[in-house]
Amino acid sequence: MSLHHPSSAASMSDRPVRTRFAPSPTGLLHIGSARAALFNWLYARKHGGTFILRVEDTDHSRNTREAEQVIFDGLHWLGLDWDEGPLKGGSYGPYYQSERNRIYEEYLARLEKNGHLYEDHGAIRFRSPREKVLVDDLVCGKIEFDLTNPITHPDITLRRPDGSWIFHFVNVVDDIEMEISHVIRGEDHLSNTPKHLELYRALRADPPHFAHTPLILNRDGSKMSKRDKGVNLGLYPEEGYAPEALRNYLCLLGWSPKDNREILDIGEITQLFELNHINRRGAAFDPDKCFWMNGQYLLQMDLARYAELAIPFLQKAGLHWEKWEYLERVLSIVKPKIKLLADLPDWVRPFFTDDFPFEEVAVEKYLTTPEAKKNLATLAKALAEVDRWEASFVETALKATATALGVKTGDLVHPARVAVSGRSIGAGLYETFEVLGKEKTLQRLIKQV
RNA sequence: GGCGCGUUCGUCUAGUGGUUAGGACACAGCCCUCUCAAGGCUGGCGCACGGGUUCGACUCCCGUACGCGCUACCA
């Protein structure tokens with residue numbers, strides 16, 4: 001295998017678009033990393049390019065198979081499919097840094113040969129040319145860094161005394177070898193970029209285009225760290241977020257279609273996405289808005305997709321159903337009410353089993369008075385007369401009963417809801433009755449009398 | 001400390017010299033209503049500060065403050 005030598009004649013803009021996501025398997029997928037992956041994916045998809053996954057596992061001690069799986073799972077969940085990388089292959093592999101030692105050795109030898117290296121306490125360091133370096137960033141614009149002072153900008157280390165590699169070196173080598181055309185990454189790398197550029201030059205390689213995106217912050221503007229709630233992408237599937245909703249929200253952090261629209265499908269975003277439309281300022285992650293957006297997605301989602309997302313939550317809660325059609329009817333009436341799928345089981349349990357809990361306060365408030373019991377008895381009697389068991393007819397019967405009893409509709413509705421579901425909040429009562437069926441409805445009402 | 005980046009409602013944003021500074025989330029109130037984190041309407045809330053440039057600055061320039069990043073034999 002020979003090294004890929006990028007032609008110095010070809011300008012970067014002529015090269016095919018190849019972007020990469022190069023995470024280090026740390027055990028969790030940071031929400032900011034996920035967004036970086038998303039932006040790289042979007043850019044590649046927009047330009048019919050290639051999106052590459054490369055695992056930066058140079059720090060062996062903390063890299064495990066499980067940690068790696070976390071990354072794969074996160075990307076899969078977000079729908080960010082990669083064209084080259086682990087599980088997928090490709091002609092620029094291997095895609096694990098731990099397997100690319102030979103390549104790094106060759107590149108190091110090249111630098112050595114041209115006198116760019118020196119040893120310092122066993123570590124191999126790169127001798128900076130000590131010049132001013134211009135970073136022409138697609139998001140930040142042109143930035144000049146003055147690297148002439150070794151005190152303020154010490155030479156970077158490429159290799160540790162124990163032989164392991166330092167990020168700056170392998171990252172650059174891999175990007176050259178894999179012919180990456182656009183490096184889209186977090187702004188935390190901006191200050192590293194001039195040093196990387198020195199390496200590209202020393203290796204006589206055309207650098208890729210750079211695009212540094214602002215970081216995702218906490219609501220108070222502080223940096224999101226591992227300990228902050230919400231950084232772990234793995235949390236979102238568990239809590240019942242739809243991947244398309246979170247993905248949409250993430251796109252809006254630092255990027256905007258500029259026409260006030262917010263709910264955009266990924267195809268549309270792919271078309272509109274432009275690196276130079278990415279903001280320069282850090283963006284705070286707003287859990288409230290993310291939550292709202294999930295609600296919007298669940299509301300507008302078709303039932304088939306909703307069921308697909310909902311079923312794992314129902315199964316986990318031990319709920320069973322016999323007919324698919326029944327499941328769909330249940331889901332359709334709670335769908336407009338719920339913003340998080342994790343809440344689903346509690347809302348629908350009474351539709352699948354008679355063994356559902358009663359909220360104490362709700363019982364206390366609506367089912368204990370003699371009036372409530374008397375009203376429920378009357379209601380049950382009236383409903384027994386309803387032939388066509390559909391929401392609208394049930395509603396008519398209930399309202400007529402309320403009138404006959406001289407009480408407000410709510411005086412029947414609230415106790416009835418608690419009687420059939422054990423809860424004071426839920427789907428529309430008439431729809432609940434309809435889906436539950438006449439028999440079960442009457443049975444549960446009478447049980448409280 | 002040095003270097004770099006940034007600063008429009010609490011938050012995400014639109015805005016590129018002349019706008020009643022627009023939208024969204026959140027918040028408050030009202031309406032609808034059988035509950036609801038559903039829907040409808042209304043409202044409060046913002047250009048960090050100080051200098052310039054200009055007939056005129058949220059928009060351009062400089063400075064200050066504040067925030068963030070880098071400054072590792074972490075990635």
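Chain letters run A, B, ... following the sequence lines, proteins first and then strands; every chain starts at 1. Keep in mind that this is a model prediction, so the values were computed, not measured.
Taken residue by residue, residues 265-273 of chain A places no heavy atom nearer than 4.0 Å to RNA chain B. Contacts between residues 332-348 of chain A and RNA chain B, counted as heavy-atom distances below 4.0 Å, involve A:Pro336, A:Lys337, A:Lys339, A:Asp343. Within residues 406-429 of chain A, the residues approached by RNA chain B to less than 4.0 Å at the level of any non-hydrogen atom are A:Thr409, A:Val413, A:His414, A:Arg417, A:Ser424, A:Ile425, A:Gly426, A:Ala427, A:Gly428, A:Leu429, in residue-number order.
Per the geometry, CZ belonging to A:Phe167 stands 12 Å off C1' belonging to B:rA72, to the nearest Å. Distance CZ (A:Arg159) to C1' (B:rA75): 18 Å, rounded to an integer number of Å. Atom CG in A:Asp188 sits roughly 10 Å away from atom C1' in B:rC68 (whole-Å rounding). If you measure from atom CG of A:Asn248 to atom P of B:rC25, you get 14 Å, rounded to the nearest angstrom. Following rounding to the nearest Å, A:Asp120 (CG) and B:rA72 (C1') show an atom-to-atom distance of 13 Å. Rounded to a whole Å, the CG atom of A:Leu138 is 16 Å from the P atom of B:rC5. A:Asp146 has its CG atom 15 Å from the C1' atom of B:rC70, to the nearest Å.
Nucleic acid contact for A:Asn192: base, since at least one base atom lies under 4.0 Å from a heavy atom of the residue. A:Lys399 comes within 4.0 angstrom of sugar-phosphate atoms only, judged by non-hydrogen atoms across all strands, and of no base. Within the nucleic acid shown, A:His212 has no heavy atom closer than 4.0 Å to any nucleic acid atom. Across all strands shown, A:Gln296 has heavy atoms under 4.0 Å from sugar-phosphate atoms exclusively, and none from any base.
Checked against the 6.0 Å centroid threshold, A:Phe39 and A:Phe273 count as a close aromatic pair.
Distance check on atom P: B:rC58 versus B:rG50 gives 12 Å, rounded to whole Å. Only the P atoms considered, B:rA48 is 15 Å distant from B:rG6, to the nearest whole Å. Distance noted for atom P between B:rC49 and B:rC9: 10 Å (whole Å). Annotation: B:rG15 and B:rU8 have their C1' atoms spaced 9 Å apart (nearest Å). Rounded to whole Å, the separation between the C1' atoms of B:rG4 and B:rG43 comes to 42 Å. The P atoms of B:rU16 and B:rG1 are separated by 37 Å, rounded to the nearest whole Å. Straight-line distance between the P atoms of B:rU54 and B:rC45: roughly 35 Å, to the nearest whole Å. Only the C1' atoms considered, B:rC30 is 27 Å distant from B:rA21, to the nearest whole Å.
Between B:rA75, B:rC5, B:rC34, one nucleotide has an atom nearer to the side chain of A:Ile143 than all others, and that is B:rC5. In the set B:rA72, B:rC25, B:rC3, the nucleotide with an atom closest to the side chain of A:Pro154 is B:rA72. Side-chain proximity of A:Tyr430 to the nucleotides B:rC25, B:rC34, B:rC73 is greatest for B:rC34. If you check B:rC74, B:rG2, B:rC25 against the side chain of A:Thr152, the one that comes closest is B:rG2.
With sequence neighbours excluded, the residues that form a side chain to side chain donor-acceptor pair (under 3.5 Å) with A:Glu268 are A:Arg261. Residues satisfying the ring-ring contact (aromatic ring centres under 6.0 Å, His included) criterion with A:Phe285, sequence neighbours excluded, are A:Tyr249. For A:Phe291, there are no ring-ring contact (aromatic ring centres under 6.0 Å, His included) partners two or more places apart in sequence or in a different chain.
Figure legend. B:rG18 is base-paired to B:rC55; pairs are counted as Watson-Crick or G-U wobble with both atom distances under 3.5 Å. Base pairing analysis places B:rG50 opposite B:rC62; the two distances defining the Watson-Crick or G-U wobble pair are each below 3.5 Å. Across all strands shown, B:rG67 forms a Watson-Crick or G-U wobble pair with B:rC5, both key distances being under 3.5 Å. Across all strands shown, nothing is found opposite B:rC32 as a Watson-Crick or G-U wobble partner with both distances under 3.5 Å. Summarising the base pairing, B:rA72 is matched to no nucleotide, lacking a Watson-Crick or G-U wobble pair whose two defining distances lie under 3.5 Å. Applying the Watson-Crick and G-U wobble criteria (two distances, each under 3.5 Å), B:rC27 pairs with B:rG43.
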- [ ] Going 5' to 3' through nucleotides 7-14 of chain B, assign each nucleotide B (protein heavy atom under 4.0 Å from a base atom), S (under 4.0 Å only from sugar-phosphate atoms) or - (no protein heavy atom that close).
- [x] SS-BBBSS

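Between the side chain of A:Trp165 and the main chain of A:Asn171, no donor-acceptor pair closer than 3.5 Å is present.
The pair A:Lys142-A:Glu144 does not meet the salt-bridge criterion, since no charged nitrogen lies less than 4.0 angstrom from a carboxylate oxygen. A salt bridge does not link A:Lys258 to A:Glu274: none of the charged side-chain nitrogens sits closer than 4.0 Å to a carboxylate oxygen. Checked for salt-bridge contact, A:Glu395 and A:Lys399 meet the test: a charged N lies under 4.0 Å from a carboxylate O. Using a 4.0 Å cut-off between charged nitrogen and carboxylate oxygen, A:Arg65 and A:Glu68 count as a salt-bridge pair.
Ranked by how close their nearest RNA chain B nucleotide is to the 5' end, A:Leu299 and A:Trp292 are led by A:Trp292. Sequence order on RNA chain B of the closest nucleotides to A:Glu144 and A:Arg125 puts A:Glu144 first from the 5' end.
Rounded to the nearest 0.5 angstrom, A:Phe358 CZ and A:Gln448 CD are separated by 5.0 Å.
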Show me, pair by pair, the donor-acceptor contacts under 3.5 angstrom made by side chains of residues 30-38 of chain A, not counting sequence neighbours?
residue	atom	partner	partner atom	Å
A:His30	ND1	A:Gly32	N	2.8
A:His30	NE2	A:Met224	O	3.2
A:Arg35	NH1	A:Leu253	O	2.3
A:Arg35	NH2	A:Pro214	O	2.2

Kindly list each side-chain donor-acceptor pair under 3.5 angstrom involving residues 149-158 of chain A, sequence neighbours excluded, with atom names and distances?
residue	atom	partner	partner atom	Å
A:Asn149	OD1	A:Ile151	N	2.8
A:Thr152	OG1	A:Asn149	O	3.2
A:His153	ND1	A:Asp146	O	3.4
A:Asp155	OD1	A:Ser128	N	3.0
A:Asp155	OD1	A:Arg130	NH2	2.7
A:Asp155	OD2	A:Tyr118	OH	2.8

List, one per line, each side-chain donor-acceptor pair under 3.5 Å for residues 408-418 of chain A, sequence neighbours excluded.
residue	atom	partner	partner atom	Å
A:Asp411	OD2	A:Lys408	N	3.2
A:Arg417	NH2	A:Ala427	O	3.3

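A:Arg160 has its side chain within reach of A:Ile166: a pair of non-hydrogen atoms, C-beta onward, lies under 4.5 Å apart.
A tilted orientation is assigned to the rings of A:His182 and A:Tyr43, their planes being inclined by 30° to 60°.
For residues 280-289 of chain A, the side-chain hydrogen bond (donor to acceptor under 3.5 Å, both in side chains) pairs, not counting sequence neighbours, are A:Glu187-A:Arg280, A:Arg219-A:Asp286, A:Glu262-A:Lys289. Residue pairs meeting the ring-ring contact (aromatic ring centres under 6.0 Å, His included) criterion with at least one member in residues 220-239 of chain A, sequence neighbours excluded, are A:Tyr236-A:Tyr241.
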